[in-house]
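Everything numeric here is computed off the predicted structure, so don't read it as measured data.
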Amino acid sequence: MPKNGAAHLASLQDDRCVFIDGKRVENVTTDPAFRGAVASACALYDYQAAPENIETMTFASPKTGARVNKSWMMPTSHTELVARRVSIERWSAQTCGMLGRSPDHVASTFVGFRMGLDVFGANDPKRAAALADYFDYIRDNDMFLSYVIVNPQADKAKSASGQPDKNLVASIVDEDAEGVTIRGAKMLATSGILANEIMVSGFQALQQGDEDYAFTVAMPLATRGLKLLSRRSYEGAATSTFDYPLSSRFDENDAVVVFDDVKVPWERVFVYRDLKMAQAQWHQTRAHVMQNYQCMIRLTQKLHFLLGLARKIADLNNIITYPQVREQLGLIAAKVANMDALVIAMEAKGEQFGQYFVPDRSLLCTAQVVAQTTYPEIVEAIRLLSGGGMIMVPSSHLDFAADETADIIARTQRSPVAGSHDRVKLMKLAWDAVGSEFGSRHLQYEMFYSGAQFVTRGNSFRFFDWDTAKTRVDDFMASYDLDVENKLNVAAE
């Protein structure tokens, strides 16, 4: 049987060190700050293990024959790539696309690494062998991984080694026959509290002198010396599921990760003090493509959810017949369909990468650029369609329990298509999606998780086929010149 929710729940009851509100968490599976998100992660594994979903969601490990999630599949054809995408869509739909770092995300990163194993091997065969063995391990145990690949924000004008505190950014500070020692910090460990293991690496450019920061390693979350400092828990602040239906269940959390002299064995070291490989691991393999392809699939499911929410709000407020409302809904529907089309197109235009079939990375970069503006536009549309409706809702579910306040709700929360209960329920969902701390975090997340706009647009520039575009212009310009009119006149005579 595939991994199920009970197995994942048991795997999280370890000695991981998580801090929130000034105290260490005893058990993340039961703590009010995290238990809802933990339950949602476990529900994903229950979904894949359900008999009716096993074929769609899992495949047989080529090494053990055990069923594992299809996010670990390395597709060799367009058909396999699409089948893998369908499983990611199914998982994403279970959380309305709100778990941005669900287990299939970092799995996709390692799939991209593994596809480019020869890139690692050409540089350091020992590190390549470690990566190959580790990939088999995490795939065959169907593990949930998180990662930290961004440096803590300090002086952005300086490199990692140029910060006033040389131990601010996680770096290699020692090594011996057993492995390396890591000291410093990374962010943001999204879903780290829900995961089994964490990868530590870097995505930011490094320069000469930054060799100690140029590494990629992995370790269990319960590794000695590894500490997670959680941001505020939106789940912990949620008064009820009725009041905060998204916050209470899908707050995947983000955390700063501190490494207090963490020892990492050599079999978990994949890039070692190597400036070249620190960049090559992302773009000379297909790690960048596979991880962000998963992001786009997950985002389409989220956009469809928000689009449905926008339409229901228009129906609720009886404004669906207004031409300007239909125009607005038509516009955002087209933008959502455009994201669907880009995912399908990057598959259809996919390329062979060795024996594997991967999405077209130019169209992937296009999708990333479009996504960074599409999400805020849909959030803004929901705000416009809701007006004051998201603000005038009762304070909490308890207002329904008292006769006097329940009567006020019944008299003031009106809609021609829904009762007062359903109107409040929808508007509270809308607020949690776009207005609450949870909703605001998601807006920030969708705008920046792929990188700043200059990064995504730079990648779009970098991978676009400019040669073909310019050749078309050159070919046409070669068809005429200063004497073209004389040639035309001669031909006419």
Quick one: does any side-chain atom of [X] pair with a main-chain N or O of [Y] as donor and acceptor, under 3.5 Å?
{"X": "Glu235", "Y": "Arg35", "answer": "yes"}
{"X": "Lys3", "Y": "Asp142", "answer": "yes"}
{"X": "Arg383", "Y": "Val434", "answer": "yes"}
{"X": "Ser171", "Y": "Asn167", "answer": "no"}
{"X": "Trp91", "Y": "Ser87", "answer": "no"}
{"X": "Ser460", "Y": "Thr456", "answer": "no"}
{"X": "His442", "Y": "Gly100", "answer": "no"}
{"X": "Ser146", "Y": "Thr190", "answer": "yes"}
{"X": "Asp31", "Y": "Ala33", "answer": "yes"}

For residues [X] and [Y], determine if any side-chain heavy atom of one lies less than 4.5 Å from a side-chain heavy atom of the other.
{"X": "Leu99", "Y": "Leu44", "result": "yes"}
{"X": "Val258", "Y": "Leu229", "result": "no"}
{"X": "Cys295", "Y": "Asn292", "result": "yes"}
{"X": "Leu299", "Y": "Met339", "result": "yes"}
{"X": "Met277", "Y": "Arg127", "result": "no"}
{"X": "Met57", "Y": "Asn69", "result": "yes"}
{"X": "Pro359", "Y": "Leu364", "result": "no"}
{"X": "Val358", "Y": "Met290", "result": "yes"}

Starting from the C-alpha separation in whole Å, work towards a yes-or-no answer on salt bridge (charged side-chain N to carboxylate O under 4.0 Å, His left out) for Asp124 and Arg273.
CA-CA 11 Å; Asp124 189 334; Arg273 301 187 79 254; over 6 Å; no
Please determine whether the number of non-hydrogen atoms from other residues, nucleotides or ligands lying under 6.0 Å from atom [atom1] of [X] exceeds 12.
{"X": "Asp21", "atom1": "CG", "value": "no"}
{"X": "Gln352", "atom1": "CD", "value": "yes"}
{"X": "Lys23", "atom1": "NZ", "value": "yes"}
{"X": "Arg90", "atom1": "CZ", "value": "no"}

Check this for me: does any side-chain nitrogen of one of [X] and [Y] sit under 4.0 Å from a carboxylate oxygen of the other?
{"X": "Lys63", "Y": "Asp133", "result": "no"}
{"X": "Lys263", "Y": "Asp176", "result": "yes"}
{"X": "Glu347", "Y": "Arg84", "result": "no"}

Could you tell me whether the side chains of [X] and [Y] share a donor-acceptor contact shorter than 3.5 Å?
{"X": "Ser71", "Y": "Gln294", "value": "no"}
{"X": "Gln368", "Y": "Asn459", "value": "no"}
{"X": "His304", "Y": "Asp340", "value": "yes"}
{"X": "Thr58", "Y": "Arg67", "value": "yes"}

Residues in salt bridge (charged side-chain N to carboxylate O under 4.0 Å, His left out) contact with Glu80, at least two apart in sequence or another chain:
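With sequence neighbours excluded, Glu80 shows a salt bridge (charged side-chain N to carboxylate O under 4.0 Å, His left out) to no residue whatsoever.
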Contacts of Arg268 that satisfy salt bridge (charged side-chain N to carboxylate O under 4.0 Å, His left out) - sequence neighbours left out
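With sequence neighbours excluded, Arg268 shows a salt bridge (charged side-chain N to carboxylate O under 4.0 Å, His left out) to Glu197, given in chain and number order.
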Once side-chain hydrogen bond (donor to acceptor under 3.5 Å, both in side chains) is applied, do any residues pair with [X], and if so which ones, sequence neighbours excluded?
{"X": "Arg114", "value": "none"}
{"X": "Arg183", "value": "Asp261"}
{"X": "Asn27", "value": "Thr29"}

Distance check, rounded to the nearest 0.5 Å: [X] atom [atom1] versus [Y] atom [atom2]?
{"X": "Phe110", "Y": "Met199", "atom1": "CZ", "atom2": "CE", "answer": "5.5 Å"}
{"X": "Lys302", "Y": "Ser92", "atom1": "NZ", "atom2": "OG", "answer": "10.5 Å"}
{"X": "Met296", "Y": "Gln301", "atom1": "CE", "atom2": "CD", "answer": "13.0 Å"}
{"X": "Thr95", "Y": "Leu246", "atom1": "OG1", "atom2": "CG", "answer": "10.0 Å"}
{"X": "Leu221", "Y": "Thr223", "atom1": "CG", "atom2": "OG1", "answer": "7.5 Å"}
{"X": "Asp254", "Y": "Leu188", "atom1": "CG", "atom2": "CG", "answer": "5.5 Å"}

Please step through salt bridge (charged side-chain N to carboxylate O under 4.0 Å, His left out) for the pair Arg286 and Glu351, ending with a clear verdict.
CA-CA 11 Å; Arg286 285 299 181 267; Glu351 62 170 344; 3.1 Å; yes
Taking all non-hydrogen atoms of both residues, which atom of [X] and which atom of [Y] are closest, and how far apart?
{"X": "Tyr213", "Y": "Lys166", "answer": "OH-O, 2.8 Å"}
{"X": "Phe250", "Y": "Cys96", "answer": "CE1-SG, 4.4 Å"}
{"X": "Ser436", "Y": "Tyr244", "answer": "CB-CE2, 4.3 Å"}
{"X": "Pro245", "Y": "Asp432", "answer": "N-OD2, 3.3 Å"}
{"X": "Leu145", "Y": "Ala195", "answer": "C-CB, 4.0 Å"}
{"X": "Ser230", "Y": "Asn253", "answer": "OG-ND2, 2.9 Å"}

Can the ring centroids of [X] and [Y] be said to lie less than 6.0 angstrom from one another?
{"X": "His105", "Y": "Tyr147", "value": "yes"}
{"X": "Phe438", "Y": "Trp431", "value": "no"}
{"X": "Phe120", "Y": "Phe113", "value": "yes"}
{"X": "Trp466", "Y": "Phe461", "value": "yes"}

Stepwise, does the salt bridge (charged side-chain N to carboxylate O under 4.0 Å, His left out) test hold for Glu89 with Arg85?
CA-CA 6 Å; Glu89 287 177 336; Arg85 183 245 296 167; 3.4 Å; yes
With salt bridge (Lys or Arg N to Asp or Glu O under 4.0 Å) as the rule and sequence neighbours excluded, what pairs involving residues 275-285 come up?
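Non-adjacent pairs meeting salt bridge (Lys or Arg N to Asp or Glu O under 4.0 Å): zero.
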Phe463 vs His288 aromatic rings, parallel, tilted or perpendicular, using cut-offs 30° and 60°?
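Phe463 vs His288 ring planes: tilted.
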For the pair Phe135 and Trp72, name the ring-plane relationship: parallel under 30°, tilted 30 to 60°, perpendicular over 60°.
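Rings of Phe135 and Trp72: perpendicular, as their planes differ by over 60°.
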Are Asn151 and Gln163 close enough, and set up right, to give a side chain to side chain donor-acceptor pair (under 3.5 Å), and what steps lead you there?
CA-CA 11 Å; Asn151 298 339; Gln163 299 298 322; over 6 Å; no
